[in-house]
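Per chain, numbering begins at 1; letters A, B, ... match sequence-line order.
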Number of protein chains: 2
Amino acid sequence: MNENNADAGAGRRTQLRDRLIDIAQETIAAQGLDGLKARDLAAAAGCALGAIYTAFHDLDELILRVNARTLARLELALGAAFVDAEAEQALEAMARAYLSFARKEEPSWRALFEHRLPPGAPVPAWYADARNRLFSRLDAPLAQLLPGKDATARAALARTLFSAVHGVIALGLEEKIAETPPKLLDEQLGLLIRLLAAGLMMESARLI
Amino acid sequence: MNENNADAGAGRRTQLRDRLIDIAQETIAAQGLDGLKARDLAAAAGCALGAIYTAFHDLDELILRVNARTLARLELALGAAFVDAEAEQALEAMARAYLSFARKEEPSWRALFEHRLPPGAPVPAWYADARNRLFSRLDAPLAQLLPGKDATARAALARTLFSAVHGVIALGLEEKIAETPPKLLDEQLGLLIRLLAAGLMMESARLI
DNA sequence: CAAGAAAATGAACGGTGTTCATGCCGAATT
DNA sequence: AATTCGGCATGAACACCGTTCATTTTCTTG
């Protein structure tokens, strides 16, 4: 009598999984990673405490699932920034989009980096994929900017540029480290982009 | 009858404080921030569980104390890199020293950024001081490189450069995010330095 | 030496993630 | 249609965490 929803392929197990991911996502978005408690989650989902562990092996697995969604949204936000403009402008737009996303969804964004899986646990392939898709967004403008570099060097460069931008934003938004007012952070991000762009132009000149 | 040690000014309270900081430092250095447990700490210090809270208000306060020591060691490691060489080389040496320190003392270094104090709690002044001392290490080479900039702009730039280098190193050493082999990380850090240095030279030329 | 203050003690408290014996319910079989 | 059976939901119980506080011990001081 139930089961009249669209995705008929989803069994009860999958239904509970999705519901838990939804609720965990909202909780993390509102209260951060530390706000996610097993008992509250079960209460909000209307299921028993133990039911969580029939759907996921860990809370860690659930968190990774939420983080994968955050990565997807972030990828979307970065993708919208690249309007087949000049490569350098595209990179700047992506950096600004990253800062904008971090500000708009700070707790969810924080959770991407605060969460650590238990020592020795391997990163699931589907999570590594989501992470690599994000980095690959930088590939097109980099290919345009540095036609001489091969794909693996470009991928490494993409990670490095992402990491540099991330570092400035992460520490800039962190009270404990820097306490940077918003306007100053905007300026400093712009400065970093200028510095890196100048270096990239020099690099591209070296390779011709 | 006791108290025959050198620092006669240290009372029992201070003695316990220092002992706890010592042990916490070793624990964090060996097992990371998550390895620090109140009961283990008390057992290792040979004191009761409650005694910890007569010496510190929180474990957080104790952790901040350990982190301040780590900042001091880091400052030392960075200071040794600046042998009144050319400014650009000094900056590169500092970045490499930072990577070297992060590798050599990875759990302690991680603890600097993993630890978050409870929401709303202000950063103690003595901790902010230690952090600012670290950034100010970059000031001398930057002043040499960009004589036109005033002190506040230099301080902001110092934080930005530090953050960029930190981002590349932090994400590079992070398994979950990047999984970068050591040699590649060395190369990518060198690349970042090259890019930033080129940008800085351009910036300094703009200001003359 | 006695009396008071200060510090150390560790059992207990409230919270956490995770497990597991139990009961229930739905589906397949006869 | 009755019955068996397998698997999932259940939530009390477990192990562990940081922190507190009544009590005991220790030290200082008049």
Novice: Establish, with yes or no, whether the OP1 or OP2 oxygen of dA7(C) is under 4.0 angstrom from a side-chain nitrogen or oxygen of T54(B).
Specialist: no
Novice: Between R69(B) and D22(B), is the closest basic N to carboxylate O distance under 4.0 Å?
Specialist: yes
Novice: Is it true that E187(B) and R194(B) make a salt bridge, defined as a side-chain N closer than 4.0 Å to a carboxylate O?
Specialist: no
Novice: Return the value, rounded to whole Å, for the distance between atom CZ of F56(A) and atom P of dA9(D).
Specialist: 12 Å
Novice: With the side chain of L49(A) defined as its heavy atoms from C-beta on, choose the nearest nucleotide among dG10(C), dA12(D), dT10(D).
Specialist: dA12(D)
Novice: Taking atom P of dC8(D) as reference, at what distance in whole Å does atom NE2 of H57(A) sit?
Specialist: 16 Å
Novice: To the nearest Å, give me how far apart CG (L33(B)) and C1' (dG18(D)) are.
Specialist: 14 Å
Novice: To the nearest Å, give me how far apart CG (L59(A)) and P (dG15(C)) are.
Specialist: 18 Å
Novice: Give the nucleotide from the list dG18(D), dA9(D), dT16(C) with an atom nearest to the side chain of K37(B).
Specialist: dG18(D)
Novice: Applying side chain to side chain contact (heavy atoms under 4.5 Å, CB included) to Q188(A) and T180(A), what does each step give before you reach the verdict?
Specialist: CA-CA 10 Å; Q188(A) 290 301 304; T180(A) 314; 5.5 Å; no
Novice: Distance check needed: dT10(D) P versus L16(A) CG, whole Å only.
Specialist: 9 Å
Novice: Please work out if L36(B) contacts a base, only the sugar-phosphate, or nothing of the nucleic acid, heavy-atom cut-off 4.0 Å.
Specialist: sugar-phosphate
Novice: Using a strict cut-off of less than 4.0 Å between a Lys/Arg side-chain nitrogen and an Asp/Glu carboxylate oxygen, indicate whether D186(B) and R103(B) qualify as a salt bridge.
Specialist: yes
Novice: In whole Å, what is the span from the CD atom of E61(A) to the C1' atom of dG17(C)?
Specialist: 15 Å
Novice: Between dG18(D), dT18(C), dG11(D), which one does the side chain of A38(A) approach most closely?
Specialist: dT18(C)
Novice: Between T160(A) (side chain) and A156(A) (backbone), is there a donor-acceptor pair under 3.5 Å?
Specialist: yes
Novice: Atom OH of Y53(A) to atom C1' of dC20(C): distance rounded to whole Å?
Specialist: 13 Å
Novice: From the options dT19(D), dA8(C), dT18(C), select the nucleotide whose nearest atom is closest to the side chain of D58(B).
Specialist: dT19(D)
Novice: Taking donor-acceptor contacts at under 3.5 Å, does the side chain of R39(A) reach the base of dG15(C)?
Specialist: no
Novice: May I have the distance from R17(A) (atom CZ) to dC8(D) (atom P), rounded to whole angstrom?
Specialist: 13 Å
